[in-house]
**Q** 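What follows is a single structure, and I will ask about it in a moment.
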There are 4 protein chains.
Amino acid sequence: MKFNDKQVQIIEEAEKLFAQKGFKGTSVREIAQNAGINLAMISYYFGSKDKLLEAIFVYRGHNTKISLEEILKNGKMSPAEKIDVLIEKYVQKIFSQKPFYKIMSKEMLTNNTENTEKLILEIKTQNLELIAKIISEGQKSGEFSTDVDLPLIMATLSGAANNFIATQKYYRKLSGLESMKEKEFENLLLNKLTKNLKRIFKTLLSNDN
Amino acid sequence: MKFNDKQVQIIEEAEKLFAQKGFKGTSVREIAQNAGINLAMISYYFGSKDKLLEAIFVYRGHNTKISLEEILKNGKMSPAEKIDVLIEKYVQKIFSQKPFYKIMSKEMLTNNTENTEKLILEIKTQNLELIAKIISEGQKSGEFSTDVDLPLIMATLSGAANNFIATQKYYRKLSGLESMKEKEFENLLLNKLTKNLKRIFKTLLSNDN
Amino acid sequence: MKFNDKQVQIIEEAEKLFAQKGFKGTSVREIAQNAGINLAMISYYFGSKDKLLEAIFVYRGHNTKISLEEILKNGKMSPAEKIDVLIEKYVQKIFSQKPFYKIMSKEMLTNNTENTEKLILEIKTQNLELIAKIISEGQKSGEFSTDVDLPLIMATLSGAANNFIATQKYYRKLSGLESMKEKEFENLLLNKLTKNLKRIFKTLLSNDN
Amino acid sequence: MKFNDKQVQIIEEAEKLFAQKGFKGTSVREIAQNAGINLAMISYYFGSKDKLLEAIFVYRGHNTKISLEEILKNGKMSPAEKIDVLIEKYVQKIFSQKPFYKIMSKEMLTNNTENTEKLILEIKTQNLELIAKIISEGQKSGEFSTDVDLPLIMATLSGAANNFIATQKYYRKLSGLESMKEKEFENLLLNKLTKNLKRIFKTLLSNDN
DNA sequence: GATGAATGAGTTTTCATTCAT
DNA sequence: TATGAATGAAAACTCATTCAT
């Protein structure tokens, strides 16, 4: 499914607003005004507000898949190195697409439409399969423990990462970093999170349980 | 701040609905109907829908504090054991108060009112201080590493835990446990999560970095 | 009709608020709070909000009558002097009971209940009869013109006077007296209005038409 | 600022109702029903009930200015004649736009929004400047006294005039003219008021104080 | 494709009044 | 007398969607 320029314009504006103020908290009128398009165009292009949300998932979910799949193609790395790269890429993606991940986090918390549920499950499944392959490699080579609960690891990974973008402002206050510049703080966070997750994965995948 | 029976009744009904359908997705009319009280009573007792949300935070935040503080009073345990108990209690609390934690997760993701932000920060600060004390004990006795980023550990803990209650249904499907009974699945989840978190904490607090 | 202390307390608070914010713009809850009494007491003492308004008219209308009647009893003054005193007293009364006259002005502008209409008419009639007597005296003695439209004179008198209390703040700005102290300005206004009205009455009652 | 047909329709209906029942006493639903338009159109066109009130002031205030300015352009009349014409025009305007002047009178009596206060002050200032010019002419030519309090004269003029339209029904009863036909009574009132005001102005502007 | 106007159902909140005690 | 609780009606406003052009 391809979106034309105008649709992308609407999608990106809607994504920003949904992330900031929630789906219900954002009116289509607001989206139209911010995107500089006519109110009726949203219905025209997407059918309804709900469908617009789904379009966001399609738009971002599509990007997600492609970008993550590239990791696996590199055959020279060890499974452990691949996990490290995966974590790096994953954290980078979440940080670069914060609004979308905020929306997804919110949607997972709510009884939403069947369609969004399906789309979220798709994204999760894709990521899971990706990791599954790497872990499977590592298990075959003996590097990783054979006693690994994959969905649990996934939940820990995405849980910690999403929580970081959700609670960024609280983290700032609790760490006493309120005076640090936004960009600097952002980098600090990204590095800490990446390092932390790598360490956690090492533990959870290791043989000595 | 104390709430009378009617207020508690409203608060608990609102909590349930806010968790299910979101704050904006729930109408006060709906709350009133489900709680079996007159619509105007909500304004009468809480002033507004926003204030009702704050009341939920006060109501649950209060309970949170008391129950967690009891852990520390036991002086016979080692810091490592205390951490284990803390994790157990924390996971139990989150599981027993799922609706509230769902609401809090959502609120953290949205630009909400100053008051709720303050109340969330309070709860987070209380938990942080609690863990800080235990870790400090462990650091003095040499059990724990002195190089510990407390807020990061907190974020990992609450992130993973909250993610579990948020993505429970997805976890079920991805693990192929759709046929398992709700209660059994709930227990399984609780145990896995607890065990997992204990292991992560052991790693993150250990000296061998 | 006599009012007890509590009723007077409510009446005076209501009068203040009705004058400030209008009858519809004032809630009974607000009156109760400001008067420091229980909300239900207003219904208890007066029956309804409408009846409370009528009570204000009875309360002030009663005062009005007594105070004005005293003017006539003095038999030593000439009709012209009496008119002057009447104007002085009238302006003083309006200035000292601004809130009530504001309410009355507003009520006259609106299709109100039969009762308030009747009460206003009563007050107007009383004043009219008072002036009528004085003018009649003056006509008999030849001082005043026999061609006098009494209600028209009345309307001019009360119109100008009421307009002054209604447009006080606008008058201040238009006269460039914004820096003058409130009390000083009040006195200035009172004197100017009195002098002005006396002059107008002299003209309207004079023989040379 | 121009209003389209629908907006004018709403404005005129609202004006009628506000004059009859007061601003607070009129519901937007009522306005919509009487104007035969959808309830939501009022918000759509004006934003809010308050803004609708302001629109009435803009709509009528605009008309006021234009119509009054034409008086001055006639250069052949003496200042005294101009004053007479001004009074005639002014009274005619008030009588032809009774609803608007009722609303304005009420608004002046209440602590209203900044915007309406500003708009009222504008209208008053415009009228004041108009009269100021004429009086200034008369003072230069020696016809009028140099000791003239302009705002006070204005207040007398508008006070008396407004009072007439406000107390029309009371005037009718007090004058014993209840059986007269509405139109006839209206004309009688207009003529009396005009004549009366001319006489008053003559006195207040004359040299012999 | 595009738009301004329009709509009906919905929202939260406020109100005057009444009730049980 | 007095009161806190309760209520139903009504208020203004917002919303997503649709329609005619």
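Each chain gets a letter, A, B and so on, in the order its sequence line appears, and its residues count up from 1. These figures come from a predicted structure and were not determined experimentally.
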**Q** With ring centroids as reference points, do Y59(B) and F100(B) lie under 6.0 angstrom apart?
**A**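 Centroid separation for Y59(B) and F100(B): 6.0 Å or greater.
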**Q** How close or far is atom P of dA6(F) from atom CZ of F46(B), stated in whole angstroms?
**A**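 The distance from CZ of F46(B) to P of dA6(F) comes to 12 Å, rounded to the nearest Å.
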**Q** What is the distance, rounded to the nearest whole Å, between atom CD of Q9(C) and atom C1' of dA2(F)?
**A**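 These atoms are roughly 14 Å apart.
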**Q** May I have the distance from D5(A) (atom CG) to dG1(E) (atom C1'), rounded to whole angstrom?
**A**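 In whole Å, dG1(E) C1' and D5(A) CG are 15 Å from each other.
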**Q** Return the minimal non-hydrogen interatomic distance between A19(B) and I103(B), and the atom names on each side.
**A**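 Smallest heavy-atom distance, with atoms named: N-CG1, 3.7 Å.
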**Q** Is a side-chain donor-acceptor pair under 3.5 Å present for K102(D) with Q20(D)?
**A**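 K102(D) and Q20(D) do not have a side-chain donor-acceptor pair below 3.5 Å.
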**Q** Report yes if at least one side-chain N or O of K6(B) is closer than 4.0 Å to OP1 or OP2 of dA6(F); otherwise report no.
**A**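 Indeed, a polar side-chain atom of K6(B) lies that close.
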**Q** In whole Å, what separates the C1' atom of dG1(E) from that of dT21(F)?
**A**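 One C1' to the other, the span is 13 Å.
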**Q** If I take atom NZ in residue K51(B) and atom P in nucleotide dT12(E), what distance separates them, rounded to the nearest angstrom?
**A**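 About 16 Å, once rounded to whole Å.
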**Q** How far does CD1 of I165(C) sit from CD of Q97(C), to the nearest 0.5 angstrom?
**A**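 Separation between the atoms: 10.5 Å.
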**Q** Please determine if K49(B) forms a cation-pi arrangement with F23(B), meaning its NZ or CZ atom is less than 6.0 Å from the six-membered ring centre and no more than 45° off the ring axis.
**A**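 Pair K49(B)/F23(B) counts as cation-pi.
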**Q** Of the nucleotides dG4(F), dT7(E), dA6(F), which one has an atom closest to the side chain of N38(D)?
**A**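 Comparing dG4(F), dT7(E), dA6(F) against the side chain of N38(D), the answer is dT7(E).
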**Q** To the nearest angstrom, how far is M41(B) atom CE from dT14(E) atom C1'?
**A**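 Result: 14 Å.
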**Q** So what does the secondary structure string of DNA chain F come out as, 5' to 3', with Watson-Crick or wobble pairs under 3.5 angstrom, [ ] for crossing and | for pairs with another strand?
**A** .||||||||||||||||||||
**Q** Considering only heavy atoms from C-beta outward, does the side chain of N38(B) approach that of Y44(B) to under 4.5 Å?
**A**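 Answer no - side chains too far apart.
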**Q** Assess whether a salt bridge exists between E54(D) and K51(D), defined as any Lys/Arg side-chain N lying under 4.0 Å from an Asp/Glu carboxylate O.
**A**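 No.
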**Q** List the protein contact pattern of nucleotides 15-21 of chain F with one symbol per nucleotide (5' to 3'): B for base contact, S for sugar-phosphate-only contact, - for none; contact means a heavy-atom distance under 4.0 Å.
**A** BBBBB--
**Q** Please state how far atom CD in Q7(A) lies from atom P in dA2(E), giving the value in whole angstrom units.
**A**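 The distance from CD of Q7(A) to P of dA2(E) comes to 11 Å, rounded to the nearest Å.
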**Q** For the pair made of CD1 in I42(B) and P in dC15(E), what is the distance, rounded to whole Å?
**A**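 The answer, rounded to whole Å, is 18 Å.
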**Q** Closer to the 5' end of DNA chain F via nearest nucleotide, is it N4(B) or Y45(C)?
**A**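 Its nearest nucleotide being more 5', the pick is Y45(C).
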**Q** Using side chain to side chain contact (heavy atoms under 4.5 Å, CB included), reason through I37(B) and I31(B) one step at a time and then give a plain yes or no.
**A** CA-CA 9 Å; I37(B) 52 114; I31(B) 298 170; over 6 Å; no
**Q** Would you check if I11(D) and R60(D) make a side-chain contact, meaning some heavy-atom pair closer than 4.5 Å?
**A**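 Contact flag for I11(D)/R60(D) side chains = no.
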